Peer 1: 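Structure provided below as structure tokens; questions to follow.
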Amino acid sequence: MSAALHARVSGATDLNTLKGVGPAMRERLERLGLQVAEDLLFHLPLRYQDRTRVTPIAALKAGSEAVVEGEVTASDVIQGRKRSLLVRLRDGSGIMSLRFFHFSQAQVGQFARGTRIRLFGEARSGSTGLEMYHPEYRLLKDEPQEVEETLTPIYPTTEGLAQPRLRALIRQAFEHLDQGSLTLEELIPDAIRTRFRLPALRESLDYLHFPPPDAPLETLADGHHPTQRRLALEELLAHQLSLYRIRLRIQDDAAPALPASGGLATRFLTQLPFSLTGAQRRVLSEISADISQATPMLRLVQGDVGSGKTVVAAMAMLQAVAGGYQAALMAPTELLAEQHYKSLKRWFEPLGIEVAWLSGKLKGKARLEAKAMISEGRARVVAGTHALFQDDVHFQRLGLAVIDEQHRFGVHQRLALRQKGEVSTDGRSSGTTPHQLIMTATPIPRTLAMSAYADLDVSVIDELPPGRTPVRTVAVSDERRGEVTERIRNACMAGRQAYWVCTLIEESEALTCQAAEVTRDTLTEALPEFQVGLVHGRMKAAEKAEVMNAFRDGELDLLVATTVIEVGVDVPNASLMIIENPERLGLAQLHQLRGRVGRGRVESFCVLLYHPPLSDTSRERLAVLRESNDGFRIAERDLELRGPGEVLGTRQTGLVGMKIADLTRDRDLLEPVRSLTRAMLDQAPEAVEPLIRRWLGDAVGQYGQV
Ligand code: ADP
Ligand code: MG
């Protein structure tokens, strides 16, 4: 039995305790993510139909669903363009038609004149006035027919499982609940519920599965009903708690206590061509205090592009080395990893500290040698890509792992790293876990960061090194492409370099790369006196690196690129960036791109070359970028304009899929969830496990295994 299943089984009731659930039905339910009987209670309707009253024909509106009752006045098979059965119906208020394109002979017979029927369907305006196509219908006998007492839920379902069947199963689950053969525990204590004004769990589920006729349908459709918010809050709470639990688990481990490295640090700082900013010093002292403890550090450093995160990481690594341990720095791309390797070498070698390099690209003898340096401990510092995660890489004594640009790595990779410190070369456990430092240039608004990274402490480098001139940003319509080309010519004539960035076309990398090739050709023709290069995602890593190096060394004047250059590339002489169709990108990404210029002393420019007409939102978003160079402000605005799903990218943060909560719709819950989480940890610690199990199910197994 898998760990996941095991986790679900305790305190859960098997699906087959419900009548009518055999292997085939179980398979369908599992397709819906329903694994135990209790899950049915949490399978919420997508929307509702109002079958609680009969609507007079005269009051029917095209486009809305309704129950109608009437008497058949005529019924004919029409031989039109498409053969159909047309039934005319009358009630006291008006007439309408029902139309069937698929029908049996028996059906034709059913609709004799004078027959009374009740039907449900969507009214539309057709050639005979108001019509319903293929309505659900029932012939009425003499006795009066009741209407539904509650709104009719429409559930998300799957092939082979019709609404009535699913509805009946869910109803049955509620019956079992009433009879006590199924249990549903209220896991949030009354005192906390009162404080956060949360309706009770049972009450909320009853309401959502069987809403009264006067339920506010619009509020429900928007997901803003208090009962829906209570469930969303509970789900967010469960996710939050699971992140805290990971953190607690990691903090149970021992980590090497790495005391601050006085002398070595001073030597490091004196050889730097600059002095640290106040923000760098503050963050560094936070890190230094963390890693001097015997508990693993889990710290996220957020700093805008160019805020100088690398040198902060290097200082932390130095502290690990001084304490007799190794330190590793991991980056998401070869290009970035190599850049880091070069910086680290430049800074560490004068101090007699050996730096190794490992990437997927490194093969054969060179790879073996790198691995040997790492496992024998000759290399005190290692830079590389996620190749460092691989099983065949062993550290002698890893004390600190730094992960750059965290948003590209997930929680799981982060956890995998933890094991690297646990096994030493001789295969015996060293009994310690490395400290972890995660660095990201994607500023994440505070509320969101707390939710996405609840398992991490957060430090912010909120100051740029002095002497930078902010990038001036302008938005220009692509009808003025000629002027923009002139601008590139002027910059290059003055000995500067420029980037031309092509954005993603229709989610297709192939199309985007093609477009970039065309742009390269056009610009080569328009600017014959300059050297134009091209990098895109479909090129081999080696080719890409060659072009990037040529650009860095000034052999190329203009670099046409897709967004592959987004992260970390440092070419101070580049002072102009053109971004084509910026309206296709998120603000944070645009800001990241723009951060490639403005790294030197001269004033830099960013031209947002948009394709008119712009929508109001696009216009507003580009304005944010023109007005601000502050990554955090931009991220806050992006959050307001696009919502957290877009800003974070669920996959990127390692947040597991949500069943009910929606980070965009429910973002105002993120703040209350934080205090709710604290309240639960303080007042109801015994509810933590069951809550996580209720909402994360399988994912608990995944997290648990790391
Ligand atoms: P990021 O935070 O985007 O990773 P980097 O670490 O690449 O930024 O630093 C950007 C540039 O700024 C590098 O060339 C780095 O050497 C330089 N730098 C870092 N800190 C300072 C500082 N305090 N003063 C001046 N330049 C600095
Ligand atoms: Mg960086």
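Counting starts at 1 for both ligands and their atoms, in listed order. The basis for the numbers below is simple: all heavy atoms, side chains too, and nothing from hydrogens, waters or symmetry mates. Given the structure is predicted, the values throughout are model-derived calculations rather than measurements.
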Peer 1: Show which atoms of ligand 1 fall inside a sub-4.0 Å distance from at least one heavy-atom site of L276.
Peer 2: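 Under 4.0 Å from L276, ligand 1 has these atoms: 23 (N).
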Peer 1: Centre-to-centre under 6.0 Å for Y325 and F395, is that the case here?
Peer 2: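 Ring centroids of Y325 and F395 are no less than 6.0 Å from each other.
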Peer 1: Taking only heavy atoms of D304, which atoms of ligand 1 are found under 4.0 Å from at least one of them?
Peer 2: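 Those qualifying, in numeric order: 2 (O).
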Peer 1: Show, in sequence, the C-alpha distance, side-chain angles and deciding distance for L318 and I353, and conclude whether the side-chain contact (heavy atoms from CB on, under 4.5 Å) test is met.
Peer 2: CA-CA 9 Å; L318 192 66; I353 298 169; 3.6 Å; yes
Peer 1: Pick from T519, I488, T485, L608: which one makes a side-chain contact (heavy atoms from CB on, under 4.5 Å) with I578?
Peer 2: I488
Peer 1: Please state which option from P273, G308, P572, S275 has its nearest heavy atom closest to atom 8 (O) of ligand 1.
Peer 2: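 Looking at heavy atoms only, the winner is G308.
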Peer 1: Out of curiosity, is S307 lining ligand 1, as in a heavy atom under 4.0 Å away?
Peer 2: yes
Peer 1: How does M439 reach ligand 1, if at all, at less than 4.0 Å between non-hydrogen atoms: by side chain, backbone, both, or neither?
Peer 2: neither
Peer 1: Classify the contact between T277 and ligand 1 as side chain, backbone, both or neither, using a heavy-atom distance cut-off of under 4.0 Å.
Peer 2: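 The part of T277 near ligand 1 is both the backbone and the side chain.
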Peer 1: Distance check, rounded to the nearest 0.5 Å: L556 atom CG versus F530 atom CZ?
Peer 2: 13.0 Å
Peer 1: Does the N or O separation between G306 and ligand 1 drop below 3.5 Å for any pair?
Peer 2: yes
Peer 1: Minimum distance, heavy atoms only, to atom 6 (O) of ligand 1: which one of L464, D404, T310 is it?
Peer 2: T310
Peer 1: Parallel, tilted or perpendicular: which fits the ring planes of W347 and F268, with parallel below 30° and perpendicular above 60°?
Peer 2: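 Rings of W347 and F268: perpendicular, over 60°.
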Peer 1: Any carboxylate oxygen within less than 4.0 angstrom of a Lys/Arg side-chain nitrogen, looking at R281 and E463?
Peer 2: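 No salt bridge links R281 with E463.
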